[in-house]
Amino acid sequence: MTTPSPATLATSLRTHLAGTLRAEQTGTAVVLGGWVHRSRDLGGQVFLDLRDRGGVVQCSFNPQWTPSEVIAAAAAVGIESVVMIEGTVAPRPAEMRNPEMVTGAIEVRATAIRVVGPAVTPALPVAPIKDGKLPAEELRLRHRILDLRREELQHALVLRHRLMQTTRQYLSAQGYLELETPILTKPTPEGARDFLVPSRMHAGEFYALPQSPQIYKQLFMCAGFDRYFQIARCFRDEDLRADRQLEFTQIDIEASFIGREDIIAMAEGLIQALWAEAGIAVATPFPRMSYADAMERYGCDRPDLRYGLEIEDLTARFAPSESGIIQSALQAGGRVRGIRVPGGAAWSRKQVDELETIAKGAGVGGLIRLKGTGSALEGPLAKFLSPESQAALQLREGELLLAVAAHDRVASPALDRVRQECAARLGLADPTVRRFLWVLDFPMFDQDPETGALAAVHHPFTAPNAEDMQARPDAPASWRALAYDCVLNGTELGGGSIRTSDPAVQARMFALLGIGDTAEQERRFGFLLEGLRAGAPPHGGIAFGFDRIAMLLAGASSLRDVIAFPKTTAARALFEGAPSAVPAADLTELHIRTVDA
RNA sequence: GGGGGCGUAGCUCAGUUUGGUUAGAGCACUCGACUGUCACUCGAGAGGUCGCGGGUUCGAGCCCCGUCGCUCCCGCCA
């Protein structure tokens with residue numbers, strides 16, 4: 001993406017962008033429009049820093065070139081007011097140059113000023129204050145216009161724009177068509193809670209806002225559009241987080257007559273183009289790891305590969321132990337797995353207890369800890385381990401072994417959190433390093449350990465691995481899916497799958513998910529099944545979380561910093577004041593009556 | 001639904017531990033001075049529902065109970 005030359009932003013009211021003026025424009029007569037960033041009134045002369053989209057330039061009001069009434073007007077204007085300033089670009093006296101401003105070699109010798117948009121005293125500072133902290137998030141959101149004027153958010157939203165255009169260019173160049181799908185759509189029975197929209201014309205019936213355009217993009221494939229993409233707004237009525245908003249933007253992609261490798265190659269190219277737009281070179285292809293491998297070695301399906309601390313199976317070492325805790329865990333089908341932390345032996349009892357609290361929070365009963373002290377192991381369990389077992393652990397001096405004896409289902413998430421906390425303490429996650437990764441071969445279903453009920457790990461339209469299905473037709477919980485996730489430094493950037501294009505297979509998937517009744521399938525997913533029955537090409541796709549990518553590339557720590565008008569964690573829009581009550585008559589027209597909770 | 005943190009001037013904060021005169025500072029704002037500043041400087045001034053409600057007390061910014069808002073996390077997010 002290239003930005004237009006400053007000249008193209010000239011209008012009938014202004015000639016240049018303030019922040020783009022340079023020494024080359026010396027002698028040029030300019031008319032600028034912008035906001036008063038700062039002002040310095042020295043008595044006989046006045047300096048105004050004028051800010052517009054392009055940046056900041058100093059405007060100098062001096063009796064040598066400025067009429068006295070203009071100087072008086074400049075002295076009187078309040079900061080953040082919008083002014084039009086006429087003047088001439090001039091070099092600053094050599095000793096007055098400001099090397100910290102890109103425009104610092106020059107200034108605009110002002111001859112006229114007009115206050116076109118006087119501002120009340122701003123509720124928040126816009127110009128940065130040295131060592132100044134940002135105002136509280138609540139105030140930043142309540143006075144969002146002022147916050148958006150800050151350089152940081154200006155840059156973030158400009159970057160967001162450029163990433164959008166890069167996406168469009170990259171995909172369009174490969175024959176992908178940008179097609180739109182409805183915002184008023186049909187409620188989805190699985191997944192997140194829907195936002196419902198009442199129908200005025202049909203009493204008691206509701207539209208839903210899309211959680212994603214998933215089914216529509218598959219229908220495009222059935223309709224022969226072959227390659228589709230959309231920068232799609234999605235809505236999920238779930239609790240918010242720093243990296244989760246009620247409405248968010250996905251780069252949604254689907255293609256026909258493709259396999260997994262086609263999607264991965266296309267996606268790697270897109271990632272490469274987006275990171276390049278942010279000035280970062282990314283090498284492809286990305287390494288790959290199976291889901292099973294990721295869970296075994298890292299305890300999670302989106303491992304951060306910037307550091308090791310890999311999980312080891314220590315069952316054989318601990319099996320001879322007489323510890324009741326370990327024996328009962330093993331008898332219940334569990335294993336002993338753990339990580340060895342270099343330098344961890346120096347941690348205090350309290351620090352290790354904190355790790356155990358984290359592990360317990362993830363559902364395990366406790367954390368086995370053993371310190372390598374050179375000659376012998378230290379720790380509550382050391383006495384239960386035979387000298388042979390202790391030696392086999394090969395704990396080095398200073399190492400701390402943290403292990404969990406439990407079923408993988410609970411042990412993996414616990415070890416994942418302990419591993420991340422240890423890495424954070426040791427500063428192992430280098431923020432300048434980027435480790436991309438494809439996680440492949442996700443399981444098709446997640447089985448509830450109590451009820452045995454199956455739920456789709458990805459979504460119900462994902463194709464199962466055909467070999468698994470044929471080899472173990474009666475064990476769907478063991479089937480792998482043709483699904484893939486793109487992971488960067490422990491964060492999921494996006495994911496997708498090859499879809500089921502055979503309506504009979506799709507019906508079977510619904511049945512396995514507990515939607516066995518044909519009429520029920522037709523009622524909920526008839527429009528998809530009709531598409532598949534009309535002749536569906538093999539197809540698949542992927543979706544990337546656009547806001548999250550923008551956040552990463554902008555160096556922001558919250559999605560709120562790359563979304564112009566975000567919601568608070570309590571799901572409120574403080575600036576515009578949504579949601580809000582509506583007149584009773586509006587509800588009546590929508591056939592809605594509210595009840596007290 | 002649950003847990004942690006925060007809430008004092010327009011903004012950022014101190015004051016809360018140990019209740020006690022009129023609640024302070026920096027920036028911003030108003031007025032004044034100042035002809036090369038760039039966080040201009042200097043002088044003066046104005047500015048407070050200590051989030052809100054209740055309680056304890058002779059007395060509450062400070063202690064107790066409740067509540068609201070923002071935030072981080074767990075649950076949730078196919």
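Chain identifiers are assigned alphabetically (A, B, ...) following the order of the sequence lines, protein sequences preceding nucleic acid strands; residue numbering begins at 1 within each chain.
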Test salt bridge (Lys or Arg N to Asp or Glu O under 4.0 Å) applied to [X] - qualifying residues, sequence neighbours left out:
X	answer
D446(A)	none
D304(A)	R306(A)
D147(A)	R140(A), R144(A), R150(A)
E151(A)	none

Side chain of [X], heavy atoms from C-beta onward: which of [options] has the nearest atom to it?
X	options	value
R417(A)	U71(B), G75(B), A78(B)	G75(B)
D239(A)	A78(B), G1(B), C73(B)	G1(B)
A136(A)	C76(B), U12(B), C13(B)	U12(B)

**OP:** Could you say whether K567(A) or L134(A) is positioned toward the 5' end of RNA chain B, judged by the nucleotide with the nearest heavy atom to each?
**Re:** L134(A)
Original post:
Which residue lies toward the 5' end of RNA chain B, R193(A) or E137(A), if each is placed at its nearest nucleotide?
Top reply: E137(A)
**OP:** Mind listing the closest non-hydrogen atom pair of M469(A) and P464(A) along with its distance?
**Re:** SD-CG, 3.6 Å
What integer distance in Å separates [X]:[atom1] from [N]:[atom2]?
X	N	atom1	atom2	value
R241(A)	G75(B)	CZ	P	7 Å
D243(A)	C72(B)	CG	P	9 Å
E138(A)	G5(B)	CD	P	19 Å
R244(A)	U71(B)	CZ	P	14 Å
L240(A)	C74(B)	CG	C1'	15 Å
Q218(A)	A78(B)	CD	C1'	13 Å
H143(A)	A28(B)	NE2	P	19 Å
L139(A)	C27(B)	CG	P	21 Å

Roughly how far apart, to the nearest Å, are [N] and [M] at atom [atom1]?
N	M	atom1	answer
U12(B)	C29(B)	C1'	16 Å
G48(B)	A9(B)	C1'	6 Å
U16(B)	C34(B)	P	44 Å
C62(B)	A23(B)	P	14 Å
U21(B)	G59(B)	P	15 Å
C50(B)	G24(B)	P	14 Å
G53(B)	A60(B)	P	14 Å
U17(B)	U71(B)	P	29 Å

**OP:** May I have the step-by-step check of side-chain contact (heavy atoms from CB on, under 4.5 Å) for I215(A) and F527(A), ending in yes or no?
**Re:** CA-CA 9 Å; I215(A) 291 178; F527(A) 66 127; 3.5 Å; yes
**OP:** Go along nucleotides 35-43 of chain B 5' to 3' and tag each nucleotide: B for a protein heavy atom under 4.0 Å from its base, S when only backbone or sugar atoms are that close, - otherwise.
**Re:** BBBBBB---
Heavy atoms under 4.0 Å, any strand shown: does [X] hit a base, just sugar-phosphate, or nothing?
X	result
T568(A)	sugar-phosphate
L574(A)	sugar-phosphate
A570(A)	sugar-phosphate
R142(A)	nothing
T188(A)	nothing
R140(A)	nothing

**OP:** Under 4.0 Å from any atom of RNA chain B, heavy atoms only: list the residues of residues 451-466 of chain A that qualify, in numerical order.
**Re:** A456(A), V457(A), H458(A), H459(A), P460(A)
Original post:
In terms of the angle between their ring planes, are F442(A) and Y291(A) parallel, tilted or perpendicular, with boundaries placed at 30° and 60°?
Top reply: tilted
Subject >> Pairing residues for A74(A) by the side chain to side chain contact (heavy atoms under 4.5 Å, CB included) criterion, not counting sequence neighbours >> reply: V46(A), L48(A), F61(A), I113(A)
Original post:
What is the base-pairing partner of C58(B), counting Watson-Crick and G-U wobble geometry with both distances under 3.5 Å?
Top reply: G20(B)
**OP:** With a 3.5 angstrom cut-off on both distances, give the Watson-Crick or G-U wobble partner of G66(B), or none if there isn't one.
**Re:** C52(B)
Original post:
Does a nitrogen or oxygen in the side chain of T569(A) sit under 4.0 Å from OP1 or OP2 of U71(B)?
Top reply: yes
Subject >> Residue pairs passing the ring-ring contact (aromatic ring centres under 6.0 Å, His included) test where at least one lies in residues 492-525 of chain A, sequence neighbours excluded >> reply: F461(A)-F525(A), F510(A)-F525(A)
Original post:
Can you list every salt bridge (Lys or Arg N to Asp or Glu O under 4.0 Å) pair that touches residues 38-50 of chain A, not counting sequence neighbours?
Top reply: R40(A)-D49(A)
**OP:** Go through the side-chain N and O atoms of R22(A) and T20(A) and say whether any donor and acceptor fall under 3.5 Å apart.
**Re:** no
**OP:** Verify the distance criterion only: is there a donor paired with an acceptor across the side chains of Y228(A) and Q230(A) at less than 3.5 Å?
**Re:** yes
**OP:** Could you tell me which residues satisfy side chain to side chain donor-acceptor pair (under 3.5 Å) with N489(A), sequence neighbours excluded, listed by chain and number?
**Re:** none
**OP:** For residues 101-112 of chain A, pull every pair meeting side-chain hydrogen bond (donor to acceptor under 3.5 Å, both in side chains), keeping only residues two or more places apart or in separate chains.
**Re:** Q58(A)-E107(A)
What's touching nucleotides 2-4 of chain B from the protein side, N or O pairs under 3.5 Å?
none

